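What you see is a predicted model, and the numbers here were worked out from it, not measured in a lab. Residue numbers run from 1 in the order of the sequence given.
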Amino acid sequence: MRCTLPAILFTLALSASAFAQNKGPAFEQEPFGKIPAHKDAKDKDVPAQPVTRYTLINKNNVVVKCIEYGAIITEINVPDKDGKFADVVLGFDKLEDYLKGHPYFGTNAGRCANRIANAKFKLDDKEYTITKPGEGPHTLHGGKEGFDKKFWRGEPSLTATGPSVKFTYTSADGEEGYPGQLSVTVSYTLTDNNELVIDFRATTNKTTICNLAHHSYFNLAGHASGDIKGHELTIAAKNYTPGDETLIPTGKIEPVADTVFDFTKAKTMGKDLEKAGGKPVGFDLNYVLDKGITAKPELAAKVVEPKSGRVMEVYTTEPGLQFYTGNFLDGTNKGKGGAVYKQYNGFCLEAQKFPDSINKPEWKDKSNVILKPGETYKQTTVYQFGVAK
């Protein structure tokens, strides 16, 4: 199905080549396979679930594709300095490949993004133990089955600012060990300014924690173009949260000046990558944005890919930004068109509250992840695409 402005037209889904000739604002939707019948965490039977893929297109022919499984963004097609389009996010062609497991390509991490030390936290004097996605001691991106592995019901629309999809998911009380039922929406809107606007909203019926983060892997030269070391990055952050060898923050906030983590001025991602340390080596740390928490999105980072001229700017309401250079990519993921995603073939810029904030009371004024009944969790993050002038 296709829907356009100013008239609302419904037609059969177009082929990719035909679609590129028809400018938006518009959206399409089409089947993208089924989640097989399975048992849930409580050993209850879950029937097979059809998954829909939504395609958003603006008047400039920029295209964003996303699916109901994990509310995953599967494609972002944007032009270079010569007007040539390329898909600039890592991902798969088929639902089956997402279901097999992957390093959070295009997902939204939650209920609590990033790491929670030792998979434990206290809330209202009660200790909670959260599930873990692997063998390590800490929880990562929500737990064993975080929001990236859930079915999100999609609802497309044509808004005043562009084609949009709102995904809805309800996380049950006790899911992955978290208290309270959490009702969550994430909306993707594609504007004619080539902005992908991501809006998160969440409410709870019991005091809980909530920290959501979008986890697309970007490569502005194209998803299959190799490493991202030549990308030039600027981050609007004079400070960061140093971590231990397992990437749990120490609780300190330290300046980036005179360290390899300083991106206050444009620098290629590869320049100090080998000096960044880590196992495996590379950047994987949270920056304390100079702007702090803001009511409206403000500039957090800018990336330029010199050869193509593509530019991406990140704006957010959040106080933190995780910069990750795909250190754990190892070539085992075969992506779209058979692309093999090797180490450093993509980077993430994840707007968020600071990692392990619930266990760092000293950060409560800068990075509060506690959500209470009657409150609404809100986050808006914008990825804006353009070309260098």
Enquirer: Any side-chain heavy-atom pair from Leu233 and Leu349 closer than 4.5 angstrom?
Expert: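 In short, these two side chains touch, coming nearer than 4.5 Å.
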Enquirer: Could you tell me which non-hydrogen atom of Gly162 sits nearest to which non-hydrogen atom of Thr189, and how far apart they are?
Expert: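 Closest approach of Gly162 to Thr189: O-CG2, 3.9 Å.
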Enquirer: Does any N or O in the side chain of Gln343 come within less than 3.5 Å of the main-chain N or O of Asn327, such that one atom is a donor and the other an acceptor?
Expert: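 Yes, the answer is positive, given that a donor and an acceptor are paired below the 3.5 Å cut-off.
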Enquirer: Would Thr191 and Asn193 count as a side-chain hydrogen bond (donor to acceptor under 3.5 Å, both in side chains) if you check the C-alpha gap in whole Å, the side-chain angles of each, and the deciding distance to 0.1 Å?
Expert: CA-CA 5 Å; Thr191 77; Asn193 291 323; 4.6 Å; no
Enquirer: Taking everything shown except Lys279 itself, do over 12 heavy atoms lie less than 6.0 Å from its NZ?
Expert: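 Atom NZ in Lys279 is not packed in, count stays at 12 or less.
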Enquirer: Going by atom types only, do Thr294 and Glu298 share a side-chain donor-acceptor pair under 3.5 Å?
Expert: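 There is no such pair between these side chains.
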Enquirer: Salt bridge (charged side-chain N to carboxylate O under 4.0 Å, His left out): which pairs involve residues 86-105, sequence neighbours left out?
Expert: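 Output for this query lists Asp87-Lys336, Asp97-Lys100.
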Enquirer: By the definition side chain to side chain contact (heavy atoms under 4.5 Å, CB included), identify the one residue from Thr204, Thr207, Asp124 that meets it with Ile370.
Expert: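 Among Thr204, Thr207, Asp124, the one that satisfies the side chain to side chain contact (heavy atoms under 4.5 Å, CB included) with Ile370 is Thr207.
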Enquirer: Can you confirm if the aromatic rings of Tyr341 and Phe105 lie within a centre distance of less than 6.0 Å?
Expert: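 Yes.
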Enquirer: Do His102 and Thr107 come close enough that some side-chain heavy atom pair is under 4.5 Å?
Expert: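 Of all side-chain heavy-atom pairs linking Thr107 with His102, at least one is under 4.5 Å.
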Enquirer: What residue among Asn194, Val63, Val88 forms side chain to side chain contact (heavy atoms under 4.5 Å, CB included) with Ile76?
Expert: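 Of the listed residues Asn194, Val63, Val88, the side chain to side chain contact (heavy atoms under 4.5 Å, CB included) partner of Ile76 is Val88.
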Enquirer: To the nearest 0.5 Å, what is the distance between CG (Asp199) and OH (Tyr188)?
Expert: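 Spacing of CG (Asp199) from OH (Tyr188) equals 11.0 Å.
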Enquirer: Rounded to the nearest 0.5 Å, how far apart are CD1 of Ile73 and CG of Leu90?
Expert: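 If I round to the nearest 0.5 Å, the distance is 13.0 Å.
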Enquirer: Tell me, please, which residues at least two apart from Pro137 pass side-chain contact (heavy atoms from CB on, under 4.5 Å).
Expert: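 With neighbours one apart ignored, the set is Asn118.
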Enquirer: List the atom of Tyr240, the atom of Pro255, and the distance in Å for their closest heavy-atom pair.
Expert: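 Shortest heavy-atom separation between Tyr240 and Pro255 comes out as CE2-O, 3.6 Å.
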Enquirer: Taking atom types as modelled, is there a side-chain donor on Arg153 or Thr168 under 3.5 Å from an acceptor on the other?
Expert: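 No - no donor-acceptor pair under 3.5 Å links their side chains.
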Enquirer: Where is the tightest heavy-atom contact between Phe151 and Pro50, given as atom of each residue plus distance?
Expert: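 Looks like CE1-O, 3.5 Å.
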Enquirer: Under 6.0 Å between ring centres, would you say that holds for Phe92 and Tyr98?
Expert: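 Ring centres of Tyr98 and Phe92 closer than 6.0 Å.
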Enquirer: For Ala213, which residues count as a side-chain contact (heavy atoms from CB on, under 4.5 Å) partner, sequence neighbours excluded?
Expert: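 With sequence neighbours excluded, Ala213 shows a side-chain contact (heavy atoms from CB on, under 4.5 Å) to Ala113, Glu350, Gln352, given in chain and number order.
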Enquirer: Is Glu145 salt-bridged to Lys150, cutoff N-O under 4.0 Å?
Expert: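 Yes, charged N to carboxylate O under 4.0 Å.
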Enquirer: Taking the six-membered ring for Trp, are Tyr383 and Phe218 ring centroids under 6.0 Å apart?
Expert: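 Yes; Phe218 has its ring centre under 6.0 Å from that of Tyr383.
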Enquirer: Asn219 side chain to Asn345 main-chain N or O, any donor-acceptor pair under 3.5 Å?
Expert: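 Flag set: sc Asn219 to bb Asn345 pair under 3.5 Å.
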Enquirer: Taking all non-hydrogen atoms of both residues, which atom of Thr268 and which atom of Gly230 are closest, and how far apart?
Expert: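 Smallest heavy-atom distance, with atoms named: CG2-O, 3.9 Å.
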Enquirer: Check salt bridge (Lys or Arg N to Asp or Glu O under 4.0 Å) between Lys267 and all other residues, then give those that pass, not counting sequence neighbours.
Expert: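 With sequence neighbours excluded, Lys267 shows a salt bridge (Lys or Arg N to Asp or Glu O under 4.0 Å) to Asp272, given in chain and number order.
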Enquirer: In Å and rounded to the nearest 0.5 Å, what is the CD1 to NZ distance from Ile35 to Lys149?
Expert: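 Ile35 CD1 to Lys149 NZ: 12.5 Å, rounded to 0.5 Å.
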Enquirer: Report the residues that fulfil salt bridge (Lys or Arg N to Asp or Glu O under 4.0 Å) with Lys296, sequence neighbours left out, ordered by chain and then residue number.
Expert: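 Counting only residues at least two positions away or on another chain, Lys296 forms no salt bridge (Lys or Arg N to Asp or Glu O under 4.0 Å).
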Enquirer: Go through the steps for Thr159 and Thr161 under the test side-chain hydrogen bond (donor to acceptor under 3.5 Å, both in side chains), then give the verdict.
Expert: CA-CA 5 Å; Thr159 72; Thr161 53; 3.2 Å; yes
Enquirer: Do Lys342 and Asp330 have side chains that get closer than 4.5 Å, going by heavy atoms?
Expert: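 No, every pair of side-chain atoms sits at 4.5 Å or beyond.
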Enquirer: Please, which pairs that meet ring-ring contact (aromatic ring centres under 6.0 Å, His included) have at least one residue in residues 356-380, sequence neighbours excluded?
Expert: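 Only Phe354-Trp363 qualify under ring-ring contact (aromatic ring centres under 6.0 Å, His included).
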Enquirer: Using a 6.0 Å cut-off, check whether atom CD of Glu127 has over 12 heavy atoms from anything other than its own residue.
Expert: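 Enclosed: over 12 neighbouring heavy atoms sit under 6.0 Å from CD of Glu127.
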Enquirer: What distance separates Arg201 CZ from Thr203 OG1, expressed to the nearest 0.5 Å?
Expert: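 Here the rounded value is 11.5 Å.
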Enquirer: Quick check: closest heavy atoms across Leu220 and Ser308, and the distance to 0.1 Å?
Expert: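 Scanning both residues completely, I find the closest heavy atoms to be O-OG, 3.6 Å.
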Enquirer: Using only atom types and a distance under 3.5 Å, with no angle test, would you say the side chain of Tyr344 pairs donor to acceptor with the backbone of Leu273?
Expert: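 No, Tyr344 side chain to Leu273 backbone: no donor-acceptor pair under 3.5 Å.
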Enquirer: Using the side-chain contact (heavy atoms from CB on, under 4.5 Å) criterion, which residues pair with Pro133? Sequence neighbours excluded.
Expert: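 With neighbours one apart ignored, the set is Tyr104, Leu140.
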Enquirer: Taking salt bridge (charged side-chain N to carboxylate O under 4.0 Å, His left out) as the cut-off, I'd like each qualifying pair that reaches into residues 213-229, sequence neighbours left out, listed once.
Expert: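 Found none.
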Enquirer: Would you find more than 12 non-hydrogen atoms of other residues, nucleotides or ligands less than 6.0 Å from Asp244 atom CG?
Expert: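 Yes - once you tally the heavy atoms of other residues, nucleotides and ligands closer than 6.0 Å, there are more than 12.
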Enquirer: Do Thr316 side-chain atoms and Ala351 backbone N/O form a donor-acceptor pair below 3.5 Å?
Expert: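 A pair under 3.5 Å: no.
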Enquirer: I'd like to know whether Asn108 forms a side-chain hydrogen bond (donor to acceptor under 3.5 Å, both in side chains) with His214, so could you lay out the CA-CA distance, the side-chain angles of the two residues, the decisive distance to 0.1 Å, and finally the verdict.
Expert: CA-CA 4 Å; Asn108 297 290; His214 185 67; 2.9 Å; yes
Enquirer: CZ of Phe121 to OG of Ser357: how many Å apart, nearest 0.5 Å?
Expert: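 That separation rounds to 12.5 Å.
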Enquirer: With a 4.5 Å cut-off on side-chain heavy atoms, are Asn286 and Asn114 touching?
Expert: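 No; the side chains remain at least 4.5 Å from each other.
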Enquirer: Hey, could you give me each pair passing salt bridge (charged side-chain N to carboxylate O under 4.0 Å, His left out) that has a residue in residues 355-376? Not counting sequence neighbours.
Expert: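 Output for this query lists Asp356-Lys360.
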Enquirer: Would Tyr169 and Phe147 satisfy ring pair (Phe, Tyr, Trp, His ring centres under 6.0 Å), going step by step from the backbone distance to the final call?
Expert: CA-CA 9 Å; Tyr169 175 69; Phe147 288 178; 5.5 Å; yes
Enquirer: Which residue pairs pass the salt bridge (charged side-chain N to carboxylate O under 4.0 Å, His left out) test with at least one member in residues 302-320, sequence neighbours excluded?
Expert: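 Every salt bridge (charged side-chain N to carboxylate O under 4.0 Å, His left out) pair that includes a residue of residues 302-320, provided the two are not neighbours, is Glu318-Lys353.
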Enquirer: Hey, could you give me each pair passing ring-ring contact (aromatic ring centres under 6.0 Å, His included) that has a residue in residues 279-310? Not counting sequence neighbours.
Expert: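 ring-ring contact (aromatic ring centres under 6.0 Å, His included) check on residues 279-310 returns Phe263-Phe283, Phe283-Phe323.
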Enquirer: Keeping Thr74 on the side-chain end and Gly91 on the backbone end, is there a donor-acceptor pair under 3.5 Å?
Expert: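 Not a single qualifying donor-acceptor pair exists.
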Enquirer: Please check this pair: side chain of Glu68 against backbone of Gly154, looking for a donor-acceptor N/O pair closer than 3.5 Å.
Expert: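 Between the backbone of Gly154 and the side chain of Glu68 there is a qualifying donor-acceptor contact (under 3.5 Å).
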Enquirer: Quick one: pull up CG in Leu190 and OG1 in Thr55 and give me the separation to the nearest 0.5 Å.
Expert: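 Reported value, rounded in 0.5 Å steps: 11.0 Å.
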Enquirer: Identify, with sequence neighbours excluded, every residue that meets salt bridge (Lys or Arg N to Asp or Glu O under 4.0 Å) alongside Lys238.
Expert: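 Checked Lys238 against salt bridge (Lys or Arg N to Asp or Glu O under 4.0 Å); matches are Asp290.
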Enquirer: For His138 and Thr246, what are the C-alpha separation, side-chain angles and deciding distance, and is it a side-chain hydrogen bond (donor to acceptor under 3.5 Å, both in side chains)?
Expert: CA-CA 9 Å; His138 311 307; Thr246 65; 3.0 Å; yes
